[in-house]
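Down below is the structure, laid out as structure tokens.
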Amino acid sequence: PERINPGDKKHRLTSIIKITSGSDQFSAKWIDDLYGSIIEVGTHNAPSIKVAEAAKVIENTQRDINIALINELAYIFKRLGIDTLDILEAARTKWNFLDFRPGLVGGHCIGVDPYYLTYKAEEVGYNPEIVLAGRNINEKFPKYVVEQLILNLSLNNHLIGGTKVLILGFTFKENCPDIRNTKVIEIVKELTKYGMKPEIVDPIANIDDCKNEYNLQVNSKINEEKYKAIIVAVAHQQFKYIKKDKWESLLKPKGVIFDIKGILPRDLDAIRV
């Protein structure tokens, strides 16, 4: 099942090169022939299962570290008073710039595989510093979002305790119903610590799964009321279609929006990373 990208309409099973292997030559060939019969772009038959598994792990670890770098840069640029997304837009004009964006790192692969690699590394006596540093940075991101939100609410003279916070998106990535290891739950926990009241809306998440897995009430539609604070946590297409006047109608005077993925109109003056 590896290299399947949930919600991706372009990179589908038959159009992604599949790594195969087996415990002996016969098994390896049999598996490779099986996948080769359906995958149009071909396969890569690795020399051992260990090699195939290691390749899988570093694909996801590499993404985790690259996102961690951008998240750390976001922390720096916030202190310097410049917009991270503006900087990335300028930087990606270079032909070999690696185009990653800051944000939450959840899901069942990117935020998990580095720990498998760490376990095996420590088993053979090596402490993987960069891998663990990346994990540490990304795990702190939900707390950073809530701290920035509270700071801006305070500057606008809003009380924190009891404040309703509208959270848009609960899945681990945009345009995908998968809620496994979603880091939005960490934002919910952080808000609750401060006595705030999260109200979650996700038009494509399975409502029953959210209740069973996280014991949370997630709504499919936004309530027609006003909020002191809104967090746009996941860049679902449905949220991108919302017009500026609708966003303004959802906010109380001096209300605050944190636009994690940078999808809102710039003249809304939302907080960005």
Side-chain angles (χ1 to χ4, degrees), residues 1-72 92 95-139 141 171-183 185-186 204-206 209 213 234:
E2 300 306 331
R3 292 184 172 174
I4 298 300
N5 189 21
D8 191 332
K9 304 300 182 186
K10 179 181 178 183
H11 301 101
R12 311 296 291 174
L13 175 64
T14 59
S15 62
I16 300 172
I17 294 174
K18 182 71 70 178
I19 296 177
T20 66
S21 194
S23 56
D24 55 46
Q25 286 187 344
F26 175 81
S27 302
K29 185 177 185 309
W30 191 91
I31 290 289
D32 196 61
D33 288 344
L34 175 65
Y35 272 111
S37 69
I38 61 168
I39 296 181
E40 297 165 0
V41 292
T43 61
H44 176 87
N45 195 345
S48 70
I49 292 174
K50 279 188 175 182
V51 169
E53 285 293 330
K56 164 256 178 82
V57 166
I58 69 165
E59 287 172 17
N60 291 319
T61 301
Q62 184 183 67
R63 281 191 64 80
D64 192 43
I65 291 170
N66 277 305
I67 297 169
L69 170 63
I70 302 301
N71 279 341
E72 186 164 59
R92 69 172 61 100
W95 68 93
N96 61 351
F97 181 76
L98 300 179
D99 193 9
F100 288 87
R101 294 173 72 90
L104 302 167
V105 183
H108 49 95
C109 288
I110 297 177
V112 176
D113 282 356
Y115 292 121
Y116 295 147
L117 182 59
T118 297
Y119 173 80
K120 293 304 292 184
E122 291 176 343
E123 195 175 59
V124 293
Y126 183 79
N127 180 46
E129 297 177 54
I130 292 177
V131 173
L132 289 174
R135 280 282 72 232
N136 185 44
I137 291 167
N138 288 339
E139 286 294 308
F141 194 80
T171 61
F172 88 85
K173 64 179 292 188
E174 63 270 16
N175 307 317
C176 169
D178 200 334
I179 61 169
R180 287 177 290 178
N181 196 30
T182 174
K183 291 304 174 183
I185 187 64
E186 300 304 324
I204 64 174
N206 184 294
D209 287 347
E213 194 72 25
V234 187

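A quick note: this is a predicted structure, and the numbers were derived from the prediction, not measured.
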- Are any of the side-chain nitrogens in R180 or E213 under 4.0 Å away from the carboxylate oxygens of its partner? no
- Assess whether atom CG of L34 is packed by more than 12 heavy atoms of other residues, nucleotides or ligands within 6.0 Å. yes
- Take D178 and H108, measure what side chain to side chain contact (heavy atoms under 4.5 Å, CB included) needs, and give me the verdict at the end. CA-CA 9 Å; D178 200 334; H108 49 95; 3.7 Å; yes
- Query: Going from CG on N60 to OH on Y116, what distance comes out if it is rounded to the nearest 0.5 angstrom?
  - Reply: 10.5 Å
- Query: Below 4.5 Å, heavy atoms only, C-beta onward: do R3 and H11 meet side chain to side chain?
  - Reply: no
- Message: Please give me the minimum heavy-atom distance between R92 and F97, naming the atom from each residue.
- Response: CA-CD2, 3.6 Å
- At their closest point, which heavy atom of I67 faces which heavy atom of F100, and how far apart are they? CG1-CD2, 3.9 Å
- To the nearest 0.5 Å, what is the distance between CD1 (I39) and CG (L13)? 5.0 Å
- Task: Measure the CG-CD distance between L117 and E122 for me, rounded to the nearest 0.5 Å.
- Result: 10.0 Å
- Query: Under a 4.5 Å cut-off applied to non-hydrogen side-chain atoms, are T182 and T171 in contact?
  - Reply: no
- Message: Within the structure provided, determine whether P128 and T118 are in side-chain contact (heavy-atom separation under 4.5 Å).
- Response: yes
- Query: Nearest heavy-atom pair of D209 and N206: which atoms, and what distance?
  - Reply: N-OD1, 2.9 Å
- Message: Given 3.5 Å as the limit, does a donor-acceptor pair link the side chain of T14 with the main chain of I38, or not?
- Response: no
- Task: Check each of E53, R63, K56 against D113 using the side chain to side chain contact (heavy atoms under 4.5 Å, CB included) test, and report the only one that passes.
- Result: K56
- Item | Nearest heavy atoms of A52 and S21, plus distance in Å | CB-CB, 4.1 Å
- Query: So, does S27 use its side chain to make a donor-acceptor pair with the main chain of G22 at under 3.5 Å?
  - Reply: no
- To the nearest 0.5 Å, tell me how far L104 CG sits from I185 CD1. 12.0 Å
- Message: Please check: side-chain N/O of N127 versus main-chain N/O of E129, any donor-acceptor pairing under 3.5 Å?
- Response: no
- Could you check K183 against E139 for side chain to side chain contact (heavy atoms under 4.5 Å, CB included), going step by step and ending with a plain yes or no? CA-CA 9 Å; K183 291 304 174 183; E139 286 294 308; 3.3 Å; yes
- Message: I'd like to know if the side chain of N66 and the backbone of Q62 have a donor-acceptor N/O pair within less than 3.5 Å.
- Response: yes
- To the nearest 0.5 Å, tell me how far I31 CD1 sits from T20 OG1. 8.0 Å
- Message: Determine whether N136 and L132 satisfy the following criterion, side chain to side chain contact (heavy atoms under 4.5 Å, CB included), listing intermediate values before the conclusion.
- Response: CA-CA 6 Å; N136 185 44; L132 289 174; over 6 Å; no
- Message: Whether R135 and D64 form a salt bridge (side-chain N of Lys/Arg under 4.0 Å from carboxylate O of Asp/Glu) is what I want to check.
- Response: yes
- Message: Taking the side chain as everything from C-beta on, heavy atoms only, tell me whether I19 gets closer than 4.5 Å to T43.
- Response: no
- With a 4.5 Å limit on heavy-atom distance, are the side chains of D32 and H44 in contact? no
- d(F141 CZ, I70 CD1) to nearest 0.5 Å is 11.5 Å
